[in-house]
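Here the structure is laid out as structure tokens; the discussion comes afterwards.
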2 protein chains.
Amino acid sequence: MQATTKSPPAGTMPARPRKERSENAARRRGQLIAATTKSIVENGLARTTLATVSAASGLSQGVAVFYFANKEKLFAEVLRHHYELYERLWVSALAQAGDDPVRQLAALIRADFDPAACNQEALIVWYAFWGEAKARPRYAEISDIHDSRHSDAIRAACARLLIEVGRSQEEADALGAGIEALTDGLWHRIYLSHGTMSAREGLRLAARFVANIFPERGERLSAEILGTAQEA
Amino acid sequence: MQATTKSPPAGTMPARPRKERSENAARRRGQLIAATTKSIVENGLARTTLATVSAASGLSQGVAVFYFANKEKLFAEVLRHHYELYERLWVSALAQAGDDPVRQLAALIRADFDPAACNQEALIVWYAFWGEAKARPRYAEISDIHDSRHSDAIRAACARLLIEVGRSQEEADALGAGIEALTDGLWHRIYLSHGTMSAREGLRLAARFVANIFPERGERLSAEILGTAQEA
DNA sequence: AAAATTTATTTGAGCACTCAAAGAAATAGC
DNA sequence: GCTATTTCTTTGAGTGCTCAAATAAATTTT
């Protein structure tokens with residue numbers, strides 16, 4: 001460390017405006033979460049250390065501890081961050097779908113294969129954490145909270161859709177579970193296949209299967225999922 | 001260690017027969033794989049060390065290295081072991097199903113929810129390794145080999161079944177992918193739900209969905225999956 | 001200058017793996 | 001049949017390294 005020019009020439013220009021402080025913290029946290037994600041994708045969770053995060057962020061190891069207290073909490077925030085991106089996606093898709101349960105269900109399924117949620121990076125993060133979830137209550141809890149909200153949304157849409165055609169709540173729950181299983185399983189294949197299966201193909205398969213399952217609304221649902229439905 | 005009776009009473013019966021030596025190696029390997037599995041279930045993969053394996057096996061740390069060269073190779077053998085148990089299960093189920101593609105497909109689906117394959121212990125091991133698979137080519141390779149054999153079996157059964165009723169190979173492949181996604185997704189739910197969902201319920205859901213998907217053979221397939229088909 | 005933030009260094013625990021030696025079983029020599 | 005020799009197993013303290021976390025130092029902001 002050599003002498004750096006001490007004080008700026010007294011003038012104005014505080015290259016850093018007002019709310020600098022609090023904004024800075026949020027920025028740093030985001031930066032560290034992104035760097036941790038990058039390291040998990042490149043090295044796996046087990047080989048992601050404060051050193052790899054520090055290298056990916058360009059910051060020192062101390063910063064991560066300063067903003068997240070310890071490595072475990074940083075990791076938990078990474079998981080939460082990815083779930084929140086996903087949740088924002090499907091919640092807003094659902095909101096835009098309006099009142100029609102067919103469109104609602106289609107929106108939820110489409111969201112699952114939106115490249116913003118269903119991409120290698122996100123899948124690697126999810127699987128990395130799921131793999132350790134049974135040994136880390138903190139990870140399991142975060143997954144639970146978000147998964148159950150998504151479950152509820154799917155089941156609610158299924159219930160409205162099926163009750164319209166005179167089926168029971170029990171059938172709606174089973175159907176919801178099946179749709180979730182189908183999308184989870186397609187994620188699994190997208191994750192493990194080395195780029196062989198894309199999110200786009202996942203969506204097509206999902207549409208195809210779901211169409212078979214809802215005889216009464218299958219065609220319309222499938223069209224809505226694929227985005228080929230004509231506007232009303 | 002106190003005095004143990006030195007030589008056996010000269011008679012026949014050498015409490016340890018001939019191949020003692022080579023059998024010993026197989027026994028030890030099995031013992032170490034079981035101990036590693038136990039530690040992964042209890043501590044997670046990341047916190048499974050040679051020390052936890054040694055504690056679980058009652059052997060010294062050195063033995064694990066002696067029989068498996070290093071920790072990574074021991075872990076790889078654990079993954080392989082679980083895949084082999086699973087593969088033996090579905091291969092023999094398939095063999096017993098005879099020539100009827102409906103029974104073959106049912107047998108494959110039933111095997112996926114057989115408690116011998118689909119239990120918390122096995123799921124924890126699988127998810128632990130899948131979580132690291134993208135960062136460890138060795139794990140990815142083992143998964144690939146076994147997954148693709150299973151895929152092929154499912155697709156073959158689907159093809160025979162669908163071609164019987166005049167559908168195309170393309171449809172059979174899509175259907176196979178869908179069935180696999182469904183079972184993978186149900187595994188996912190069984191794994192992450194804290195015992196809320198059992199293998200038995202998974203099987204019921206799978207039967208229900210698959211029945212909807214094969215209009216021509218759905219009823220029979222469903223009955224075969226649930227084991228409620230009457231004998232011919 | 002006082003407080004807040006960032007960077008750099010130190011520390012001590014825990015890790016995989018080594019290795020020399022001991023123990024046990026199989027084989028050979030008498 | 002008995003002992004000596006060799007081969008195979010097992011042990012566990014030891015080695016060097018990596019890591020998370022703590023601490024200290026420097027820098028910036030107010």
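Note: hydrogens, waters and symmetry copies are ignored here, and every other heavy atom, side chains too, is used. Proteins come first, then strands; the chains are lettered A, B, ... in the order of their sequence lines, and each starts at number 1.
With rounding to the nearest 0.5 Å, the separation of CG in B:L59 from CG in B:L32 is 6.0 Å.
A:L32 places its CG atom 10 Å from the P atom of C:dT7, with the value rounded to the nearest Å. In this entry the distance linking CG of B:N70 with C1' of C:dC15 reads 14 Å, nearest Å. If you measure from atom CZ of B:R28 to atom C1' of C:dA25, you get 14 Å, rounded to the nearest angstrom. Taking atom CZ of residue B:R27 and atom P of nucleotide C:dA25, one finds them 11 Å apart after rounding to whole Å. Rounded to whole angstrom, the span from the CG atom of A:L74 across to the P atom of D:dA21 amounts to 10 Å. One interatomic measurement links the two molecules: CG of B:N43 to P of C:dC15, which rounds to 10 Å at whole-angstrom precision. The distance between atom CG of A:L50 and atom P of D:dA21, rounded to the nearest whole Å, is 6 Å. Remark: C1' of C:dT7 and CZ of A:F66 are 12 Å apart, rounded to the nearest angstrom.
Each of A:Q61 and B:R47 has a nearest nucleotide on DNA chain C; the 5'-most of these lies closest to A:Q61.
Checking C:dA8, D:dA21, D:dT11 against every side-chain atom of A:S60, the shortest atom distance belongs to C:dA8. For B:V65, taking side-chain heavy atoms from C-beta onward, the closest of the listed nucleotides C:dT18, D:dT11, D:dA21 is C:dT18.
Across every non-hydrogen atom of B:A107 and B:A97, the tightest pair is CB-CB, 3.9 Å. Across A:L192 and B:D147, no two heavy atoms sit closer than the pair CD1-OD2, 3.8 Å. In this structure, B:A76 and B:I142 approach most closely via the heavy-atom pair O-CD1, 3.6 Å.
The residue A:V63 sits close to a base: some heavy atom pair falls under 4.0 Å. Among the heavy atoms of the strands lying under 4.0 Å from B:Y67 are primed sugar atoms or P, OP1, OP2 only; no base atom is included. Residue contacts for A:T49: at a heavy-atom cut-off of 4.0 Å it reaches the sugar-phosphate backbone alone, with no base atom in range.
Using a 4.0 Å cut-off between charged side-chain N and carboxylate O, B:R80 and B:E77 make a salt bridge.
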